[in-house]
Amino acid sequence: MSRELAKTYDPKGIEDRLYQKWLDNKYFHAEVDRTKTPFTIVIPPPNITGQLHMGHALDNTMQDILIRYKRMQGYNALWQPGTDHASIATEVKIIEKLKEEGIDKNDLGREGFLERAWDWKKEYGGRIVSQLKKLGSSCDWDRERFTMDEGCNQAVTEVFCKMHEKGWIYKGSRIINWCPVCNTSISDAEVEYQEQAGHFWHIKYPLVDQNGQPSKTEFLEFATTRPETMLGDTAVAVNPNDERYTYLKGRQVWLPIVNKAIPVVEDEYVDMEFGTGVVKITPAHDPNDFEVGKRHNLPEVNIMNDDATINENGGKYQGLDRYEARKQIVEELEREGLLVRIEDYSHNVGTHDRCKTTIEPMIKKQWFVKMDELIKPAVEAVKKGEIKLIPERMEKIYYNWTDNIRDWCISRQLWWGHRIPAYYCDKCGEIVVAKDAPSVCPKCGETHFTQDPDTLDTWFSSALWPFSTLGWPEKTEDLAYFYPTDVLVTGYDIIFFWVIRMIFSGYEQMGEKPFKTVLFHGLVRDSQGRKMSKSLGNGIDPLEIIDQYGADALRLTLITGNAPGNDMRFYYERVEASRNFANKVWNASRFIMMNMDQEEEKTGKRGWETTYEEIRESLYPVDKWILSKLNTLVKDVTDNMDSFELGIAVQKVYDFIWDEFCDWYIEMVKPRLYSTEAGEEDGKRAALWTLQNVLISALKLLHPYMPFITEEIFCTIQSKEASVMVSDWPVFREDRQFAKEENAIELMKEAVRGIRNVRTEMNVAPGRKAAVYVVSEKEDVRLIFEEGRQFFTSLAAASGLTVQADKNGIDDSAVSVVIPNATVYIPFEELVDIAQEIERLKKEQKRLESELARVQGMLGNEKFMSKAPKQKVDEERAKLEKYAQMKAQVEERLSQLM
RNA sequence: GGACGCUUAGCUCAGCUGGCUAGAGCACCUGCUUGACGUGCAGGGGGUCAGCGGUUCAAGUCCGUUAGCGUCCACCA
């Protein structure tokens, strides 16, 4: 069988082909199987309007790594995929598109609009899914769900009705955040505060005199950032403890422009220290004022229409936009002599996170979820550690929200979404909340009802995602088996929107947590650390990266060099480094396969078909060394992955493959592979066996991170039908730890490095070989070099190697390299400058001395000796011995030269 | 106002529960057509781990504090 492989790895073509193969073989599909332990992840459903961005790429790469890892470990791994209807985001997009066609939403009507929305979903809903596939995501696509599919709709209705019955969902008239552009209420979580440069208008209202008329001499001064709201003022407030204003008790002020008297009320809410200690109260347009108004039974005067223009309560200002009204009102106040001064003022303004419009607080009748009781189990779960947040610091952010939680406004004045299952009797207005439209009014017997026109906050359905996707409210097998899920992977930016809401919903509806662990990641930023955004145009399209460098390179880039929860910067240079690694893996494999081919042609046998037991006797120390290193790697990587340290895990695999395996092991076995000497057949077989087995294990460890290239190589080595993704995850084996061989090879590496070092320093031409002598009094050390003679001479550019117990017969002017328990001599003849050589040895002596001083300091410290763990003390003792011994060798050599 | 995070090589960052001579990638310098790979190989320079104080036998790692940068929450009108 010939394996002609290209010199560089080209992911094009390979990735799609392999993904299709995985799909065809149903490797992603999971079914209930009681003989296996489930491992479940639910995808954070991407919006149907969405395009894959770097955040998705990171999020889904992490999930794919975990799911592939667990699948290989033998778990029944389910990655439940799906998409989100994204009510407001989608509705806005559709409105935009209609606008291009010159159509207004209202012209279409609700039905017509929804038709267009479903068309949109059909057209674009699949786009993000196909993009996730490009990444290599091993989701069980047979189970793909949508937040507005039949099952999810049922779940939503069920939850709404249940919670309403329990009294935890209620309709109430309260102050809410209104977006005048999107024309809907939004929840507190959707308000984004932005620092804005504005003004502080210092204004005064006349006091009302005994005759009920505005006083010409007495005024009350205060300041406001929103002068137009004065149209809705129904009081002015001072702090009851403010002695400056005790005289105001029971008095009234005259509201200019509106021309009416309003009371002065006393409320602790007013900060005496701030400004004049006087606050105008507009209960209908400010959340704090709303509370004050409730306490003092103040009237609530709504002065705005839904589009933030002034309504009929604004008198002559009716019809003006809020900002135009502001301008004109200020002008009128100035004319009246009531404007004291204008101050520049920078303050935070609440905006709608989607469209950045300044929100307007308004009193409206909306549906709310009562949070105080609901949140309790969700807080407890994290406190007790039943749900683990990674990194831990996210817990503080979590509690910060849960501790200050307010009722959740869930109704939206939108069409695209789950319609609220509330019905109003056409005759008496009675509200009936039910799964289906009622037939008779329980109060008046009327048979005609109108359903509430509002839809639900898009997060209402996402909150149910971990169980609605598994079949709830039906009691399905899937639900019983796969719930609770294991890990949720998401960005910290949606902790309030989604994570918390899933947790309390899980406890409330299922009586059980939705997941055991939440693994947070940060934001992917551009190379300058800026958030990638459309408006900045600094977004990098993951699909372009995949096209250019391959999905594996992208995945590796996103996972390495980053700690959980931290933001990361995206650099092309880093993708290139990842691509280079892929190429390295490719070429190492190519090298191994080429040698396999040669071997196979001769013997008809493949190395990997031989068992360890069959080959064990033929293994060389270097073979055992790399097997031992691999064994340790398996343990470390498994441990890291179990504790979600994905970046650390893959870094170790990377280092092992590149440094240990490619730069050392492969180079070490080359002479053996190329040897034509008789009697080397067993050794050659052992090398090939080791190369292949180490490679295959390394590919397995790498597979969750770089699924495509590992699969391609795995199949090329074994067969097209084989698959690394369903192979067994490597396990640590006590019987494959070879401490003795590890030490031996490390010692030889040190000798090789020393020799290369000296050669470079002396400008020895790479092609010039030189005789090398290894002198050691210790027999075991001599044996190590004898056994490794073949590769040692190659790596050390030696023309020949002599291993002996003393310095006899070695030219005095030879260059020397001191390693533990041995000195290496290289007679370079004319190249050697004795003075320089002495200089070099003295430097080495100095280095060893300072090391010794440090170690001796520690060992001479009584407290260290008595308090440090024994293992640590032993380590330091061993170091002392090693350095002392090396120093003696250096000094002996110096005395010979001087 | 409250909380959190970051500050480690020229750049971007790792460094988990304190314990080798503090690491990686990129960049830089020197050399290399060594039969897998120049998307490579070999060698090298470069850090008082932000400052100060403390705990400890031992601090990049823990505690306190200061400064700079960043994020989240609250929102005093």
Side-chain angles (χ1 to χ4, degrees), chain A residues 5 7-9 193 200 222-226 229 237 269-271 273-282 286-289 292 347-350 391 393-394 396-397 399-401 403-404 492-493 495-496 522-523 527 529 549 553 560-563 565-571 573-574 576-595 639-640 643 645 647-648 651 654-655 662-663 666-667 670 674 753 756-761 763-767 794-795 797 847 850-851 854-855 858 861-869 871-873 875-876 878-879:
Chain A
L5 294 177
K7 256 179 117 170
T8 51
Y9 173 61
Y193 287 93
F200 219 11
F222 56 88
T224 177
T225 52
R226 297 195 300 154
T229 59
Y269 152 73
V270 182
D271 180 355
E273 308 296 319
F274 189 84
T276 57
V278 179
V279 185
K280 68 191 245 342
I281 301 296
T282 323
D286 182 283
N288 291 310
D289 293 6
V292 174
H347 62 140
N348 282 325
V349 177
R393 74 182 124 90
M394 293 300 169
K396 291 208 174 173
I397 298 174
Y399 296 135
N400 190 299
W401 180 262
D403 290 348
N404 299 299
Y492 61 76
D493 50 332
I495 184 165
F496 309 129
L523 266 44
S527 60
Y549 300 94
T560 45
N562 182 250
N566 285 1
D567 290 355
M568 66 183 304
R569 297 190 192 200
F570 193 91
Y571 282 87
E573 289 87 337
R574 293 191 51 224
E576 272 170 31
S578 301
R579 187 268 321 264
N580 293 353
F581 176 65
N583 195 50
K584 188 72 184 174
V585 173
W586 181 256
N587 273 293
S589 308
R590 197 161 68 97
F591 170 78
I592 293 166
M593 285 187 262
M594 279 166 51
N595 283 284
D639 286 350
N640 287 137
S643 38
E645 294 159 354
I648 296 173
Q651 187 67 51
Y654 179 105
D655 290 343
C662 291
D663 289 347
I666 289 182
E667 294 306 320
K670 270 181 184 172
Y674 298 146
R753 278 196 221 100
R756 287 173 173 171
N757 210 313
V758 165
R759 290 177 62 102
T760 306
E761 235 171 86
N763 287 317
V764 180
S794 156
L795 297 188
R847 186 185 72 89
S850 71
E851 283 306 316
R854 194 185 56 80
V855 176
M858 279 174 95
N861 184 333
E862 261 177 54
K863 285 185 173 170
F864 173 75
M865 298 303 282
S866 60
K867 292 198 175 178
Q871 196 200 336
K872 180 72 195 158
V873 175
E875 274 172 30
E876 293 301 321
K879 265 187 248 168

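The basis for the numbers below is simple: all heavy atoms, side chains too, and nothing from hydrogens, waters or symmetry mates. Proteins come first, then strands; the chains are lettered A, B, ... in the order of their sequence lines, and each starts at number 1.
Here A:N861 lies in heavy-atom contact (under 4.0 Å) with sugar-phosphate atoms only. Nucleic acid contact for A:N757: sugar-phosphate only, since backbone atoms but no base atoms lie under 4.0 Å from a heavy atom of the residue. A:T225 comes within 4.0 angstrom of the backbone, heavy atoms only, and of no base. A:R226 comes within 4.0 angstrom of nothing in the nucleic acid, heavy atoms only.
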What string of B, S and - do you get for nucleotides 6-19 of chain B 5' to 3' if you count protein non-hydrogen atoms under 4.0 Å? ------SSSSB--B
B/S/- contact track for nucleotides 28-40 of chain B, protein heavy atom under 4.0 Å: ----S--BBB-BS
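Taking atom P in both B:G2 and B:C11, the straight-line distance is 33 Å, to the nearest Å. Rounded to whole Å, the P atom of B:U66 lies 14 Å from the corresponding atom of B:G1. With P as the reference atom, B:U34 and B:G15 are 39 Å apart, rounded to whole Å. When the P atom is used for both B:C37 and B:A14, the distance is 35 Å, rounded to whole Å. B:A59 and B:G53 have their P atoms separated by 14 Å, with the value rounded to a whole Å. Nucleotides B:C73 and B:G54 have their C1' atoms positioned 32 Å apart, rounded to a whole Å. Annotation: B:G19 and B:A58 have their P atoms spaced 14 Å apart (nearest Å). Taking atom C1' on both nucleotides, B:C69 is separated from B:G45 by 30 Å, rounded to a whole Å.
Rounded to an integer number of Å, the gap from A:D403 CG to B:C72 C1' is 15 Å. Regarding A:Y492, its OH atom lies at a distance of 11 Å from the P atom of B:C73, rounded to whole Å. A:F274 has its CZ atom 7 Å from the C1' atom of B:A77, to the nearest Å. Distance, A:M865 CE to B:A58 P: 15 Å, rounded to whole Å. Spacing between atom CD of A:E573 and atom P of B:A27 amounts to 8 Å, rounded to whole angstrom units. B:A74 atom P lies 13 Å from atom CD1 of A:I397, rounded to whole Å. Rounding to whole angstrom units, CG of residue A:L523 and P of B:G5 are separated by 18 Å. As a whole-Å value, the separation of A:R759 CZ from B:C41 C1' is 14 Å.
Under the side-chain hydrogen bond (donor to acceptor under 3.5 Å, both in side chains) criterion, A:R847 pairs with A:E844, sequence neighbours left out. Annotation: side-chain hydrogen bond (donor to acceptor under 3.5 Å, both in side chains) contacts of A:D271 (sequence neighbours excluded): none. The ring-ring contact (aromatic ring centres under 6.0 Å, His included) test applied to A:Y549 returns no partner, not counting sequence neighbours.
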Show your reasoning for whether salt bridge (Lys or Arg N to Asp or Glu O under 4.0 Å) applies to A:E875 and A:K879. CA-CA 6 Å; A:E875 274 172 30; A:K879 265 187 248 168; 5.4 Å; no
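In this structure, the side chains of A:K872 and A:M858 come closer than 4.5 Å at one or more pairs of heavy atoms.
Under the 3.5 Å distance criterion, the side-chain polar atoms of A:N595 are matched with a main-chain donor or acceptor of A:F591. Counting only distance, with no hydrogens or angles, the side chain of A:N587 and the backbone of A:N583 share a donor-acceptor pair below 3.5 Å. Side chain of A:R590 to main chain of A:V585: no donor-acceptor pair is present (N/O by atom type, distance under 3.5 Å, no hydrogens or angles).
In plain terms, the two heavy atoms of A:C662 and A:K584 that are nearest each other are CB-CE, 3.7 Å.
Rounding to the nearest 0.5 Å gives a distance of 11.5 Å between CD of A:E573 and CG of A:N580. One distance of note links CG of A:D639 with CD1 of A:I648; it measures 11.5 Å at 0.5 Å rounding. The structure places CZ of A:R574 at 7.5 Å from CG of A:N562, a figure rounded to the nearest 0.5 Å.
Of the candidates B:A77, B:A24, B:A42, B:A42 carries the atom nearest the A:R756 side chain, counting heavy atoms from C-beta on. Among B:A77, B:G43, B:C75, the nucleotide with an atom closest to any side-chain atom of A:R753 is B:G43.
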RNA chain B base-pair string [pairs: Watson-Crick or G-U under 3.5 Å; |: paired with another strand]: (((((((..((((.....[...)))).(((((.......))))).....(((((..]....))))))))))))....
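Defined by atom type and a distance below 3.5 Å, a donor-acceptor pair is present between the side-chain atoms of A:Y492 and A:D567.
Place A:V855 and A:K863 on RNA chain B by their nearest nucleotides, and A:V855 ends up nearer the 5' end.
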